Amino acid sequence: MALPAPSPIHLLRSHSSAVSTLSISTDNERIYSGDTAGQVIVTSTRSLRPLASWKAHTDSLLGIEEWGSQIITHGRDNKLHVWARPEESASIRQEPATLSDLSTPTTCYTMDVNALNYCRFSLLTLAGASAQEGLLAVPNLVESALADIWSLPSCQRLHAAIGDPLDTSATTFSDGRSGSKSGIIMSMHLFYSALSAPSSSTSARELHLLCAYEDGSVVLRKRTARETKQTIEGRGWEVVWKSKLHVESVMAMAVSSDCTLALTVSADHLVGRYDLMKTQEASESTPAGTAFKTKHAGNGAVAIRSDGRVCAIGGWDGKVRLYSTKTLKLLGTLVHHKQGCQTVTFASHIDHVPLCGDLKEDDSSTDEDEFTVEEKHTRGRWLIAGSTDAKVSIWALMDFEKTST
């Protein structure tokens with residue numbers, strides 16, 4: 001039986017346009033929100049006051065993410081910017097600041113990208129390097145059905161046009177548009193396989209790219225080329241498995257922190273769950289994807305809590321529904337927004353350590369001893385949702401220790 005719905009504990013009204021993307025820093029100190037006008041706002045979770053607000057793009061925000069001492073923003077204006085993260089000063093924490101009083105972060109560098117897809121970037125931080133380095137997956141600059149992987153901060157393309165060359169033959173969609181059979185990439189996630197031990201060196205682990213497509217399919221690929229070899233036209237990559245559960249385009253995809261499972265949502269009433277541990281041989285006898293029927297069609301956002309137990313799905317009806325990730329049993333419904341919910345994100349669950357990727361730097365400049373252990377646990381249970389009503393809602397959830405199993 002679903003639990004009664006709580007009310008949001010906080011509402012952020014800093015945006016004047018529809019909120020299109022959200023994220024939170026790994027230390028749960030800063031909320032990042034972007035809207036359809038290109039505005040980005042950084043909000044302190046301590047004071048709930050803005051730390052920075054600026055027009056990062058000339059079109060809608062697709063994605064935003066804190067990366068150590070930097071911020072990555074990705075817009076529909078075909079630009080990806082890397083900014084220096086502004087520090088939270090004591091004066092901002094203690095006294096209210098208007099958005100116009102806040103300084104604009106400094107641009108570190110910019111990349112030209114293909115934003116036709118409405119598909120945000122996927123960032124994989126590399127550990128063990130002398131300086132901050134990462135891999136960035138984005139749609140191919142020319143063909144939106146293919147993917148590219150770039151090295152940061154060098155902005156060097158390592159792998160070009162990842163995808164099935166045979167699948168780029170033209171087909172006509174219902175709206176008359178021509179494209180590949182699978183259509184354009186709608187969502188992607190770059191990660192190292194959890195099949196490898198976390199202590200393995202980077203070169204010993206398999207790099208995987210999970211892509212969700214316009215035709216409702218999801219494809220997992222792995223790199224077969226050696227670590228340092230650059231690849232073009234999809235060479236050096238092979239398909240692990242393909243799964244098609246949705247009849248409509250995949251609207252959003254989320255991958256668990258340990259990179260063992262993924263979830264997809266669409267305009268239909270299905271939730272797709274995929275086993276990222278499934279090998280190529282095992283997928284031939286048992287499908288990697290399983291479709292779960294829900295009572296609610298029209299979903300545009302999905303997130304998985306960092307402990308992997310609970311997922312949140314944002315609906316076009318403005319409601320956020322919580323499900324058990326294991327059983328897809330409905331745990332509760334969060335009702336506040338009157339317009340569509342376009343983005344949801346969980347705070348990092350307390351005591352959780354990522355396994356599949358690499359730990360991101362925690363270079364928060366705030367004093368950790370200002371919070372009690374209980375306050376840190378409470379903040380670790382936050383769920384944040386953004387809507388076309390231009391508001392960001394913050395919810396404090398229960399633990400779901402028993403109900404999510």
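All of these numbers come straight from a predicted model, not from anything done at the bench.
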inquiry  = Rounded at 0.5 Å granularity, tell me how far CZ in Phe292 sits from CG in Leu263.
reply    = 9.0 Å
key: Min side-chain heavy-atom separation His336-Trp395 under 4.5 Å   = yes
ask   = Taking NZ, NE, NH1 and NH2 as the nitrogens, is one of them in Asp148 or Arg157 under 4.0 Å from a carboxylate oxygen of the other?
value = yes
query = To the nearest 0.5 Å, how far apart are CD in Glu233 and CD in Glu143?
reply = 12.5 Å
ask   = Arg321 side chain to Gly314 main-chain N or O, any donor-acceptor pair under 3.5 Å?
value = no
ask   = When the ring planes of Trp54 and Trp83 are compared, do they come out parallel, tilted or perpendicular, using 30° and 60° as the limits?
value = perpendicular
request  = Give me the one residue out of Gln339, Arg13, His337, His15 that meets side chain to side chain donor-acceptor pair (under 3.5 Å) with Asp389.
outcome  = His337
key: CG on Leu80 to CH2 on Trp150, rounded to 0.5 Å   = 10.5 Å
inquiry  = Could you check whether any side-chain heavy atom of Ile9 comes within less than 4.5 Å of a side-chain heavy atom of Trp382, counting everything from C-beta outward?
reply    = yes
ask   = Quick check: does any side chain N or O of Gln156 sit under 3.5 Å from a backbone N or O of Ser151, one acting as donor and the other as acceptor?
value = no
key: Test item: Lys293 side-chain N/O and Lys295 main-chain N/O as donor-acceptor pair under 3.5 Å   = no
ask   = Distance-only, no hydrogens or angles: does the Arg49 side chain make a donor-acceptor pair with backbone N or O of Ser44 under 3.5 Å?
value = no
Distance-minimising heavy-atom pair for Lys278 and Val240 = O-CG1, 3.6 Å
query = Hey, which of Asp275, Leu276, Thr279 is the one that makes side chain to side chain contact (heavy atoms under 4.5 Å, CB included) with Trp241?
reply = Leu276
ask   = So, Arg381 side chain and Leu397 main chain: donor-acceptor pair closer than 3.5 Å or not?
value = yes
message = Under 4.0 Å between a side-chain nitrogen and a carboxylate oxygen: does that hold for Lys79 and Asp77?
response = no
ask   = Taking 4.0 angstrom as the limit, do Glu206 and Arg223 come out as a salt bridge?
value = no
request  = Working to the nearest 0.5 Å, report the span between OG of Ser256 and CZ of Arg273.
outcome  = 11.0 Å
query = Is there a side-chain contact between Val218 and Ser187, using heavy atoms and a 4.5 Å cut-off?
reply = no
key: Check: His159 main-chain N/O paired with Thr231 side-chain donor or acceptor under 3.5 Å   = no
request  = Give the intermediate values and the outcome of side-chain hydrogen bond (donor to acceptor under 3.5 Å, both in side chains) for residues Ser53 and Gln39.
outcome  = CA-CA 7 Å; Ser53 176; Gln39 193 77 11; 3.0 Å; yes
query = Asn28: what forms a side-chain hydrogen bond (donor to acceptor under 3.5 Å, both in side chains) with it, not counting sequence neighbours?
reply = none
note = Separation between CH2 (Trp67) and CG (Leu152), nearest 0.5 Å, reads 4.5 Å
query = If only atom types and distance count, is the side chain of Ser266 paired as donor or acceptor with the main-chain N or O of Ser249 below 3.5 Å?
reply = yes
message = Assess, by modelled atom type and distance only, whether the side chains of His269 and Thr294 contain a donor and an acceptor separated by less than 3.5 Å.
response = no
query = Any side-chain heavy atom of Thr264 within less than 4.5 Å of one from Val302?
reply = no
ask   = Stepwise, does the side-chain hydrogen bond (donor to acceptor under 3.5 Å, both in side chains) test hold for Arg379 with Thr45?
value = CA-CA 8 Å; Arg379 219 171 13 158; Thr45 60; 2.7 Å; yes
task = Please indicate whether Lys229 has more than 12 foreign heavy atoms, meaning atoms of other residues, nucleotides or ligands, lying under 6.0 Å from its NZ.
result = no
message = Does any part of the side chain of Pro6, heavy atoms only, come nearer than 4.5 Å to the side chain of Leu334, both counted from C-beta?
response = yes
Polar side-chain atom of Glu66 near backbone of Thr26 as donor-acceptor pair, under 3.5 Å = no
Closest contact, heavy atoms only, Ala303 versus Ala254 = CA-CB, 4.0 Å
remark   = Heavy atoms of Val320 and Cys341 approach each other most closely as CG2-SG, 3.8 Å
request  = Please name all residues satisfying side-chain hydrogen bond (donor to acceptor under 3.5 Å, both in side chains) with Ser144, sequence neighbours left out, ordered by chain then number.
outcome  = Asn114, Asn117
query = Distance from Met251 atom CE to Asp268 atom CG, nearest 0.5 Å?
reply = 11.0 Å
request  = Apply side-chain contact (heavy atoms from CB on, under 4.5 Å) to Ser122 and list each qualifying residue two or more places apart in sequence or on a separate chain.
outcome  = Ala137, Met188, His189, Leu190
message = For His81, run the side chain to side chain donor-acceptor pair (under 3.5 Å) check against Thr107, Thr110, Thr73 and tell me which one passes.
response = Thr110
message = Please find the pair of heavy atoms, one from Leu135 and one from Tyr192, that lie closest to each other, and give the distance.
response = CD1-OH, 4.3 Å
query = Hey, does the side chain of Thr325 reach the backbone of Arg309 with a donor-acceptor pair shorter than 3.5 angstrom?
reply = yes
key: Worked verdict on His296 versus Lys319 for side-chain hydrogen bond (donor to acceptor under 3.5 Å, both in side chains)   = CA-CA 10 Å; His296 311 283; Lys319 298 178 181 178; over 6 Å; no
inquiry  = Are Asp215 and Ser182 packed together at the side-chain level, in the sense that at least one heavy-atom pair is separated by less than 4.5 angstrom?
reply    = yes
inquiry  = Between His208 and Ser193, is the side-chain hydrogen bond (donor to acceptor under 3.5 Å, both in side chains) condition met? List the steps.
reply    = CA-CA 6 Å; His208 284 66; Ser193 172; 4.5 Å; no
key: Side-chain heavy atoms of Tyr118 within contact of Ile184, under 4.5 Å   = no
Backbone of Ile384 reached by a side-chain donor or acceptor of Thr345 within 3.5 Å = no
Least distance between heavy atoms, Ala147 atom then Leu209 atom = CB-CD2, 3.7 Å
ask   = Are Lys242 and Ser217 close enough that some pair of their side-chain heavy atoms sits under 4.5 Å apart?
value = no
